[in-house]
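By convention here, the first residue in the shown sequence is residue 1.
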Amino acid sequence: DPSINQAARAFVDQLLTDERSAVEIMPVRLLEPQESVVVLGDLGVGKTMLLKYLASVALERCFEETSRGGMSGGRTTLSPIPFCMSFSSGQGGRFEESMVAHLQDLGLKDVSWNLLNSLLSKRQFLFLLDGIDEIPRHYQLEVVASVSAFLRARHMSTRYVISCRSPEVHGLQACFFCETLLRVNA
């Protein structure tokens with residue numbers, strides 16, 4: 001969708017601030033191999049568009065590698081494939097089931113957990129998870145724990161960016177206490 005690409009590109013020059021060190025970084029640096037990140041920001045500041053921007057850039061890198069037939073520039077691994085998912089539907093349950101349902105909602109009706117799990121085991125993914133704070137409070141701990149367990153079981157190479165309005169989401173700090181906390185600057 002060209003409008004998503006255009007709007008997402010607005011983040012090229014926007015800075016994010018590390019909550020702990022107060023260091024400002026460019027959003028594209030979130031695609032470099034590093035630890036995973038929780039992005040904080042008030043309503044309407046652009047967290048969703050930031051994730052769309054990251055997905056757009058990550059997809060471009062994957063397409064470039066495919067067209068070249070592999071890596072270049074001294075890189076030893078392929079770029080991770082972005083997997084974007086919003087929690088705005090507000091459902092509880094296992095993260096694996098939510099991913100399959102999300103892909104089916106996008107029109108991939110034949111996707112099963114076995115197929116998705118097979119893909120996940122063959123290639124590195126970058127999970128871009130939007131609006132974890134939009135999950136109803138009575139489901140938050142269950143969903144956050146399920147997401148955390150899934151990501152940690154996927155090995156240390158699985159990276160993710162989670163967006164949230166507040167670090168006070170039930171269970172968020174307990175499950176993702178080591179991650180870098182970045183704030184979207186208004």
Side-chain angles (χ1 to χ4, degrees), residues 1-18 23-39 41 45-87 95-96 98-132 147 150-164 176 179-185:
D1 180 358
S3 65
I4 290 173
N5 250 349
Q6 185 178 22
R9 296 238 177 252
F11 280 92
V12 169
D13 296 322
Q14 184 166 356
L15 295 174
L16 302 170
T17 303
D18 187 310
V23 171
E24 291 187 331
I25 67 164
M26 298 295 292
V28 76
R29 289 206 38 223
L30 297 179
L31 296 173
E32 295 173 6
Q34 64 182 18
E35 65 215 66
S36 295
V37 174
V38 175
V39 175
V45 77
K47 297 175 301 295
T48 298
M49 292 311 300
L50 171 64
L51 295 185
K52 289 179 180 181
Y53 166 72
L54 294 173
S56 173
V57 173
L59 265 178
E60 283 178 18
R61 290 180 180 179
C62 289
F63 286 134
E64 287 172 9
E65 289 169 354
T66 301
S67 67
R68 283 192 315 263
M71 302 159 285
S72 67
R75 296 187 47 226
T76 58
T77 60
L78 292 170
S79 296
I81 298 171
F83 185 99
C84 304
M85 189 172 130
S86 173
F87 288 101
F95 184 56
E96 294 89 334
S98 297
M99 288 190 304
V100 171
H102 174 66
L103 291 171
Q104 290 173 342
D105 289 346
L106 292 173
L108 302 170
K109 300 295 182 197
D110 294 332
V111 171
S112 66
W113 171 243
N114 288 338
L115 175 61
L116 182 55
N117 192 37
S118 175
L119 291 172
L120 291 169
S121 68
K122 293 177 182 163
R123 183 78 189 263
Q124 184 181 22
F125 280 71
L126 171 63
F127 290 90
L128 301 165
L129 307 176
D130 190 30
I132 204 161
V147 169
F150 171 82
L151 294 171
R152 297 210 191 289
R154 289 318 246 176
H155 311 295
M156 297 304 285
S157 64
T158 297
R159 294 188 17 252
Y160 51 92
V161 179
I162 298 174
S163 78
C164 184
F176 298 104
E179 282 66 6
T180 300
L181 292 176
L182 299 177
R183 183 161 297 277
V184 177
N185 298 328

Before giving the answer on side-chain contact (heavy atoms from CB on, under 4.5 Å), spell out for Leu128 and Tyr160 the whole-Å C-alpha distance, their side-chain angles and the decisive distance to 0.1 Å.
CA-CA 6 Å; Leu128 301 165; Tyr160 51 92; over 6 Å; no
Let me see the working for Leu51 and Val161 under side-chain contact (heavy atoms from CB on, under 4.5 Å), right down to the final yes or no.
CA-CA 8 Å; Leu51 295 185; Val161 179; 3.5 Å; yes
With side-chain contact (heavy atoms from CB on, under 4.5 Å) as the criterion, how do Ile162 and Val37 come out once you've worked through the C-alpha distance, each side chain's angles and the decisive distance to 0.1 Å?
CA-CA 6 Å; Ile162 298 174; Val37 174; over 6 Å; no
Trace of the side-chain contact (heavy atoms from CB on, under 4.5 Å) decision for Arg152 with Phe150:
CA-CA 6 Å; Arg152 297 210 191 289; Phe150 171 82; over 6 Å; no
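Listed for the Ser163 side chain is a donor-acceptor partner under 3.5 Å among the backbone atoms of Gly131.
The side-chain contact (heavy atoms from CB on, under 4.5 Å) check on Leu106 picks up His102, Leu103, with sequence neighbours excluded.
Remark: Ser56 OG to Met49 CE distance equals 9.5 Å, nearest 0.5 Å. With rounding to the nearest 0.5 Å, the separation of CD1 in Ile132 from SG in Cys164 is 7.0 Å. In this structure, OG on Ser112 lies 8.5 Å from CD on Gln104, to the nearest 0.5 angstrom.
For the pair Lys52 and Cys84, the minimum side-chain heavy-atom distance is 4.5 Å or more. In this structure, the side chains of Phe95 and Leu129 come closer than 4.5 Å at one or more pairs of heavy atoms. Within the 4.5 Å cutoff, the side chain of Arg159 has no heavy atoms near those of the Phe127 side chain.
Taking both residues in full, the closest heavy atoms of Gly41 and Lys47 are given as O-NZ, 3.0 Å, listed atom of the first, atom of the second, then distance. The two residues Leu120 and Met99 come nearest to each other via the heavy atoms CD1-CE, 4.3 Å. Across all their heavy atoms, Leu126 and Pro80 have their closest contact at N-CB, 3.7 Å.
Sorted by first then second residue, the salt bridge (Lys or Arg N to Asp or Glu O under 4.0 Å) pairs that include residues 105-121, not counting sequence neighbours, number zero. Among pairs with a residue in residues 111-123, those fulfilling salt bridge (Lys or Arg N to Asp or Glu O under 4.0 Å) read Glu65-Arg123, at least two apart in sequence or across chains.
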